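For reference, the structure is listed below as structure tokens.
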Amino acid sequence: GPISKSLAQRRVAAVSSAVSGGSDIYVAGAEGAILLDVDGNQIIDFGSGIGVTSVGHSDPRVVAAVTEQAASFGHTCFMVNPYENYIELCEKIAEVTPGDFDKRSVLLNSGAEAVENAVKIARAYTGRQAVVVFDHAYHGRTNLTMAMTAKVSPYKDGFGPFAPEIYRVGMAYPYRWPTGPENCAEEAFADFVGQVHIQVGEQHVAAVVLEPIQGEGGFIVPAPGFLAKLVEWCHANGVVFIADEVQSGFCRTGAWFAVEHEGIVPDLITTAKALGGGLPIAAVTGRAEIMNAPVPGGLGGTFGGNPLSCAAALAAIETMEAEDLPGKARRIGEVLSARLTALATQFPQIGEVRGRGAMMAIEIIVPDGSKAPDAALTKAVVAACIRRGVAMLSCGSFGNVIRMLPPLVSDISLIEDAMDVLAEAFAEVLG
Ligand code: PMP
């Protein structure tokens, strides 16, 4: 609309052109699973601000908690003048994360900071330096996390030199595993063991870091059993296993954490995004002996665990519990999975439907048997969805994955509407 267009012009004159991509529709308000734009249109939110607003936009509990906290005090810095809700949030995160051992947490501001701190902690604990990461990984945009992120353009292009001692190995990506999905976990693990032995040396590895469902890389669900093998290898070799649940955590996949689907317990877990119910906050949580390894004063930051963000996070977790958001994510997942599978039989350009719960995606390919990624078609379908009022997001190393990340409080009727729109978008684009 016209107001969005005028904002786009002001943006060009004020905002770095390096901050780009996404929709050109500007938001004026939001509630539940609906965005309202500056020109008065309603949009079904299928991205949740990249998996953040799982409790819905303007969740009443979050709004009340933040308002009350803002009127009381907004900031002191926990390292300078401590306060209760930082501790209360660490207690709560310890309760909901996997593992029945003694846990500790540190609170930070963003997912990248959480990953960066998890690596610092693992290095302090092991006295080792090397970090093993995977193809298709995304861990952030700070210097260390850029090095850990797989994709060069746009995340790393022109931004080197990168942090050393990061080693990348192959991902157990069933859809593209050369010898087929049934061999994937075993062969990928054998490759991992061999590569780490040759390139790094087990004795030098501080941490293995993996997203239990890869997010930006294309909603890649690791072959079943791969995670369990990695954890076992880590424990046999004195290596810290870090699950990056920044995108998959806090109910998104139909469990509180995606690692639960694989029955594994990470040593450290990084969280952010949905944790804050819309406010910026992140955490590293894990085994007490690991979390307590860095020197006193070694972790922290001015804003980490800011009282407003802690209040928001405690309220968001209350909503996740009270409204059974894991159950709601499973229900959304059943609907998405049925609709997307049906769509895939209609359109052979949908090479695979994958994901768990409300973290589902389709991979778009050229339907000639080659599985060649079709980024242009992906882009066109996403644009057609946005024109029809559904804020859809793409992802993937090859730019050919359409991901669904609706708020977990979305009515099923909205999910169905969005799937109707996706079907129309495919029909329009493939005409
Ligand atoms: N890890 C994962 C798995 C992510 O998906 C993201 C963000 N997309 C990050 C880390 C970085 O989080 P942030 O953007 O909050 O720094």
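Both counts, for ligands and for their atoms, begin at 1 and track the order of listing. Not measured: the values here are computed from a predicted model.
Listed by number with element, the atoms of ligand 1 under 4.0 Å from a non-hydrogen atom of Gln247 are 5 (O), 8 (N). Those atoms of ligand 1 that come under 4.0 Å of a heavy atom in Ser110, given as number and element, are 15 (O), 16 (O). Counting atoms of ligand 1 from 1 in the listed order, those under 4.0 Å from a heavy atom of Asp244 are 1 (N), 2 (C), 3 (C), 10 (C).
The protein heavy-atom contact nearest to atom 8 (N) of ligand 1 is Lys273 NZ, 3.0 Å. When only non-hydrogen protein atoms are considered, atom 10 (C) of ligand 1 lies nearest to His139 O, 3.4 Å. Here the protein heavy atom with the shortest distance to atom 12 (O) of ligand 1 is Gly111 CA, 3.2 Å.
In summary, the side chains of Gln129 and His204 do not present any donor paired with an acceptor at a separation below 3.5 Å, with no hydrogens or angles considered. No side-chain donor-acceptor contact under 3.5 Å links Thr378 and Asn400. Residues Gln69 and Ser72 have side chains that never bring a donor and an acceptor to within less than 3.5 angstrom of each other.
One finds a salt bridge joining Glu363 and Arg176 here, because a Lys/Arg side-chain nitrogen approaches an Asp/Glu carboxylate oxygen to under 4.0 Å.
In terms of polar-atom proximity, defined here as any N/O pair under 3.5 Å, Ala112 does make such a contact with ligand 1. At a 3.5 angstrom cut-off on N or O pairs, Glu113 does not count as close to ligand 1. Remark: ligand 1 and Glu211 share no N or O pair separated by less than 3.5 Å (distance only, no angle test). Close N/O approach between Val246 and ligand 1 is not found [any backbone or side-chain N/O within under 3.5 Å].
Other residues, nucleotides and ligands contribute over 12 non-hydrogen atoms within 6.0 Å of the NZ atom of Lys151. Enclosure of atom CD in Glu186 is not indicated, since only 12 or fewer non-hydrogen atoms of other residues, nucleotides or ligands lie within 6.0 angstrom. Summarising the local packing, CD of Glu334 is surrounded by more than 12 heavy atoms from other residues, nucleotides or ligands at distances under 6.0 Å.
Distance check for atom 14 (O) of ligand 1: every protein heavy atom is found at 4.0 Å or beyond.
When all heavy atoms are compared, the tightest approach of Met419 to Phe46 is CE-CE2, 3.8 Å.
Cation-pi geometry between Lys371 and Tyr175 is satisfied (NZ or CZ under 6.0 Å from the ring centre, within 45° of the ring normal).
Contact annotation for Ala272 and ligand 1: no heavy atom of the residue comes within less than 4.0 Å of the ligand. For Glu216, every heavy-atom contact with ligand 1 shorter than 4.0 Å involves the side chain, none the backbone.
Here ring-ring contact (aromatic ring centres under 6.0 Å, His included) pairs that include residues 17-38, with residues two or more places apart or in two chains, number zero.
Note on ligand 1: Gly215 sits outside its first shell, no heavy atom being nearer than 4.0 Å. For Glu245, the closest heavy-atom approach to ligand 1 does not fall below 4.0 Å.
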